[in-house]
Amino acid sequence: MTDSKSTPLTSRRSGPLQGRIRVPGDKSISHRALILSAMTVGESTVSGLLEGADVIHTADAMRALGAQVERTGEGLWRIHGVGVGGFAQPGSPLDFGNSGTGCRLVLGAVAGCPIAATFDGDASLRKRPMRRVLDPLEKMGARATDAADGGRLPLTLQGAADPMPITYESPVPSAQLKSAVLLAGLAAAGETTVIEAEATRDHTERMLKHFGAKVVSKSYGDHGRRITLQGQPELSAASVVVPADPSSAAFPLVGALITPGSDLILEAVMTNPLRTGLFKTLLEMGANIETVATRDDGGEEVADLRVRASVLRGVEVPPERAPSMIDEYLILAVAAAFAEGTTRMRGLKELRVKESDRLEATADMLRVNGVAVEIDGDDLIVHGKGRPAGGGLVATHMDHRIAMSALMMGLASDNPVGIDDSAFIATSFPGFTEMMRGLGADLV
Ligand code: S3P
């Protein structure tokens with residue numbers, strides 16, 4: 001359903017996508033750069049920060065907690081932090097908008113301070129589970145009060161005056177949960193350990209080291225990690241360079257693969273192996289993606305990628321790959337709809353608790369555009385037939401990635417694809433519509 005405040009958008013069959021672009025900074029690294037700078041005494045700087053709504057909410061939260069946070073130019077930010085355990089009690093609720101990452105990481109950061117803070121967000125964030133983060137934080141001595149049903153937002157967290165270090169075996173593969181525990185562990189005396197059965201993105205660990213904390217990460221079982229942080233470190237102010245977000249690059253990348261004649265260069269895309277499951281899967285599907293240059297950019301490997309329109313075939317995506325592409329299944333499902341044959345994506349349980357229930361939403365997005373799709377337990381099965389009919393209006397459910405995925409679909413399907421609301425794209429990819437139009441996308 002559209003309403004008077006929503007901004008619908010339609011994508012139509014387009015000519016080749018061509019050009020050279022750099023998508024905005026990585027969302028995960030941007031949140032962490034602000035939070036860790038705010039927990040460090042002295043002046044830190046960040047360049048290439050993603051200035052999307054999600055990250056701006058985190059910047060506002062850091063200010064409300066007592067850090068000085070200033071924008072000094074495009075993507076350039078200067079932060080005077082207050083030190084580990086040094087946050088001040090905010091005078092009003094912290095609003096995280098649509099952002100699960102901002103909210104969960106700041107819950108961890110506040111849990112190690114002797115203050116109370118109220119956390120809130122929009123209708124989508126209010127539906128998302130917070131208990132998974134509150135459980136370990138309560139073991140460390142924090143206390144959640146006034147939470148809505150099932151530990152949801154809005155809730156108030158009373159941080160611990162003297163947080164206890166814990167060893168926590170994470171019941172879900174979640175980098176947000178891992179990060180919340182590690183950020184709380186900064187203020188605890190002794191070692192805080194998180195054990196994850198499946199390795200999730202490691203940006204928190206990398207950035208903690210960059211700011212001077214002692215973190216040791218070892219492999220655990222077949223796919224997991226055991227991460228130990230030494231509490232109460234002397235963090236030193238640092239400068240952080242934010243690389244381009246592979247999860248944002250995914251949209252023009254798949255747009256180019258499915259739109260005949262396309263030839264596109266994506267510059268400086270972060271290729272941290274815990275984020276590149278989509279690229280690996282697309283290569284298995286026959287995608288023409290060439291790495292033209294690699295380099296190190298602020299502690300992360302980045303690459304320029306050349307992408308050309310390709311004939312794709314269906315594949316099976318194993319469940320253990322999910323953490324390295326958890327945000328990319330929607331756009332992979334679009335690629336699968338343009339492939340020949342069946343793509344089975346296994347083990348997608350976590351998709352149900354994202355900005356929307358992405359398992360159902362992905363199936364709906366494809367169905368209204370004439371694609372045969374099934375959900376089998378936690379698996380998504382897409383029957384690709386080369387080119388979908390399109391012609392559907394996709395409900396975006398306040399979810400930026402549904403909006404962008406559906407728009408990519410319309411570039412190459414027989415009929416235009418509409419979305420009910422494009423407003424949430426700005427949470428992670430400000431300038432998306434203009435950038436895509438600049439490459440040749442017909443978005444109206
Ligand atoms: C993120 C972790 C993932 C991902 C989200 C960003 C992070 O969530 O979906 O977009 O920055 O840590 P989970 O940790 O809940 O899987």
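All residue numbers refer to positions in the sequence shown, counting from 1. Note that the structure is predicted; figures quoted are calculated from it, not measured. Each ligand, and each atom within it, is numbered from 1 in the order the structure gives.
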Taking heavy atoms and a distance under 4.0 Å, where does [X] meet ligand 1: side chain, backbone, both or neither?
X      : answer
Lys178 : neither
Lys354 : side chain
His203 : neither

message: For Asn98 and Asp54, which I'm curious about, is there any donor-acceptor pair between the side chains at under 3.5 Å?
response: no
field: Side chain Arg131, main chain Gly151, donor-acceptor under 3.5 Å
entry: no
task: Please report the shortest heavy-atom distance between Pro323 and Glu320, naming the atom on each side.
output: CD-O, 3.5 Å
- prompt: Closest approach of Val373 and Ala363, non-hydrogen atoms and distance?
  reply: CG1-O, 3.5 Å
query: Which residue holds the protein heavy atom closest to atom 4 (C) of ligand 1, what is that atom called, and what is the gap in Å?
result: Asp327 OD2, 3.3 Å
- prompt: At what distance is the nearest protein heavy atom to atom 11 (O) of ligand 1, and which residue and atom is it?
  reply: Ser28 OG, 2.7 Å
Of [options], which has the heavy atom at the shortest distance from [atom]?
atom                    : options                        : result
atom 12 (O) of ligand 1 : Lys27, Arg128, Arg32           : Arg32
atom 6 (C) of ligand 1  : Val353, Ile326, Thr101         : Thr101
atom 5 (C) of ligand 1  : Arg104, Gln176, Met325, Arg358 : Gln176

Contact (N/O only, under 3.5 Å) between Ala175 and ligand 1: yes
query: Angle class for the Phe119/Phe96 ring planes (parallel below 30°, perpendicular above 60°, tilted otherwise)?
result: parallel
